[in-house]
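What follows is a set of notes on a single structure, which appears directly below.
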Protein chains: 2
Amino acid sequence: MGNEPLKGHLDLLVLACLENEPLHGYAIIDSLKQRSSGFFDLPEGTVYPVLHRLEKAKLLTSRWSQQSSRRRRVYRLTRAGKAALAEQTLQWSQFSLAVAGVVGATS
Amino acid sequence: MGNEPLKGHLDLLVLACLENEPLHGYAIIDSLKQRSSGFFDLPEGTVYPVLHRLEKAKLLTSRWSQQSSRRRRVYRLTRAGKAALAEQTLQWSQFSLAVAGVVGATS
DNA sequence: CGCAATTACCTAGCATTACTAGGTATGGGA
DNA sequence: TCCCATACCTAGTAATGCTAGGTAATTGCG
């Protein structure tokens, strides 16, 4: 509760949500919640700044949706974003393995 | 490289190192490196403040070693530290699973 | 023996970043 | 109609890993 375990992993999570389909911010929050079985229930104030940061870094592009009656900014992975997703996924698996190595060293 | 993936997980890693034996700071750095096959090669400026923080939180106690010719501050898990280790280990596994759920949702 | 590298500790300040807490606006259902 | 959910935004805060500096003592090598 108190600690912030997802520091440094949020970018990966958001990128992963957009891998197969463009989504708008609110839908990303929903997607994270569903894919993680409720574990990631992130406030908007967490996700929106991430989207802006990732767009600024040219990993995402966005445009206002015309499909919906509602005002929605839809985000899509750029080529660089896909590359970043691949790399961060790899880094995650390495990191995860390393933690397991340290924590599970009890035997 | 640029991002900080271990934010929020460092406490767990340090606590895990001390689960079976008391260690001094420098040895903890070494232990982390070895247990993770070189992945965690942390600067002292990262680890020492963590030790101080954990001691302040009463998860560790420390004393100057008399065993060695060198000046060493040896840290040991308190009862609360063991409890925290157990809890954070659990939280890590949940977190790890949640990330896998999001990232691996591609199918 | 002299000297450099390693061991071993410490801390002030920086940068990043998730989150809080506020705000705006619109559409749909009761 | 009126409220709730949807949907967006941002300024400021707190936490924390890291940089970059510092101090000493011990060990090993030439």
Side-chain angles (χ1 to χ4, degrees), chain A residues 1-15 17 22-34 36 39-57 59-60 62-75 88 91 95 98-99, chain B residues 1-15 17 22-34 36 39-57 59-60 62-75 88 91 95 98-99:
Chain A
M1 311 274 259
N3 58 350
E4 305 303 339
L6 55 76
K7 217 121 188 175
H9 306 289
L10 227 195
D11 292 6
L12 166 61
L13 295 176
V14 169
L15 292 173
C17 282
L23 290 174
H24 60 100
Y26 217 75
I28 290 173
I29 293 174
D30 229 59
S31 174
L32 283 172
K33 189 171 178 181
Q34 288 189 6
S36 68
F39 191 86
F40 295 125
D41 193 2
L42 305 181
E44 306 163 41
T46 294
V47 175
Y48 287 119
V50 172
L51 293 170
H52 300 161
R53 202 200 317 140
L54 292 177
E55 184 170 25
K56 201 171 171 186
L59 303 184
L60 302 180
S62 75
R63 54 180 162 185
W64 290 103
S65 164
Q66 288 124 352
Q67 314 279 54
S68 167
S69 59
R70 276 187 188 280
R71 176 175 162 259
R72 288 174 173 169
R73 182 174 282 280
V74 176
Y75 291 87
Q88 289 191 27
Q91 283 181 356
F95 173 75
V99 173
Chain B
M1 307 277 257
N3 58 351
E4 306 304 338
L6 55 75
K7 219 122 188 173
H9 305 290
L10 229 193
D11 292 6
L12 166 61
L13 294 176
V14 169
L15 292 173
C17 283
L23 290 174
H24 60 99
Y26 217 75
I28 290 172
I29 292 174
D30 229 59
S31 174
L32 283 172
K33 190 172 178 180
Q34 288 189 6
S36 68
F39 192 87
F40 295 126
D41 193 3
L42 305 182
E44 306 164 40
T46 294
V47 175
Y48 287 119
V50 173
L51 292 170
H52 301 159
R53 202 199 317 141
L54 292 176
E55 184 170 24
K56 202 170 171 187
L59 304 183
L60 303 180
S62 74
R63 54 181 161 186
W64 290 102
S65 164
Q66 286 124 352
Q67 314 278 56
S68 166
S69 59
R70 278 186 187 281
R71 176 176 162 260
R72 288 174 173 167
R73 183 175 283 279
V74 176
Y75 291 88
Q88 289 191 27
Q91 282 181 355
F95 173 74
V99 172

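Order of the sequence lines fixes the chain letters, A, B, ..., with proteins taken first and strands second; residue numbering starts at 1 for each chain.
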| Could you give the NZ-to-C1' distance, from Lys7(A) to dT13(D), as a whole number of Å? | 10 Å
| request: Tell me, please, which residues at least two apart from Ser31(A) pass side-chain hydrogen bond (donor to acceptor under 3.5 Å, both in side chains). | output: Arg35(A)
| said: Output the rounded distance in Å from CZ (Arg63(B)) to C1' (dC9(C)). | reply: 19 Å
| request: Any chance you could lay out the side chain to side chain contact (heavy atoms under 4.5 Å, CB included) test for Val47(A) and Tyr26(A), step after step, and finish with the verdict? | output: CA-CA 9 Å; Val47(A) 175; Tyr26(A) 217 75; over 6 Å; no
| With Gln34(B) via side-chain hydrogen bond (donor to acceptor under 3.5 Å, both in side chains) - residues at least two apart | none
| query | Can you name the side-chain hydrogen bond (donor to acceptor under 3.5 Å, both in side chains) partners of Arg53(B), sequence neighbours left out? | reply | Asp11(B)
| request: Rounding to 10 degrees, work out the angle separating the end axes of the helix from dC1(C)-dG30(D) to dA30(C)-dT1(D) (five pairs an end). | output: 20°
| message | Under the salt bridge (Lys or Arg N to Asp or Glu O under 4.0 Å) definition, can you give me all pairs with a residue in residues 64-75 of chain B, not counting sequence neighbours? | response | none
| query | Quick one: Leu10(B) CG to dA15(D) C1', roughly how many Å, whole number? | reply | 13 Å
| said: Distance check needed: dA8(C) C1' versus Gln67(B) CD, whole Å only. | reply: 17 Å
| said: Can you classify the ring geometry of Phe95(A) versus Phe40(B) as parallel (below 30°), tilted (30 to 60°) or perpendicular (above 60°)? | reply: perpendicular
| task | Grab the CG-P distance between Leu54(A) and dT16(C) for me, whole Å please. | result | 15 Å
| message | From CG of Leu23(B) over to P of dT7(C), roughly how many Å is that when rounded to an integer? | response | 15 Å
| request: Applying side chain to side chain contact (heavy atoms under 4.5 Å, CB included), name anything that partners Val74(B), two or more places apart in sequence or on another chain. | output: Pro22(B), His24(B), Ser65(B)
| Should Leu15(B) and Leu60(B) be marked as a side chain to side chain contact (heavy atoms under 4.5 Å, CB included) after you check the CA-CA gap, both sets of side-chain angles, and the distance that decides it? | CA-CA 8 Å; Leu15(B) 292 173; Leu60(B) 303 180; 4.0 Å; yes
| said: Taking salt bridge (Lys or Arg N to Asp or Glu O under 4.0 Å) as the cut-off, I'd like each qualifying pair that reaches into residues 39-51 of chain A, sequence neighbours left out, listed once. | reply: Lys33(A)-Asp41(A)
| field | Contact state string [nucleotides 3-10 of chain D, B base, S sugar-phosphate only, - no protein heavy atom under 4.0 Å] | value | ---BBBBB
| Tell me: CG of Leu32(A) to C1' of dA18(C), nearest whole Å? | 14 Å
| request: Nearest whole angstrom, please: distance from the P of dT7(C) to the CD1 of Ile29(B). | output: 11 Å
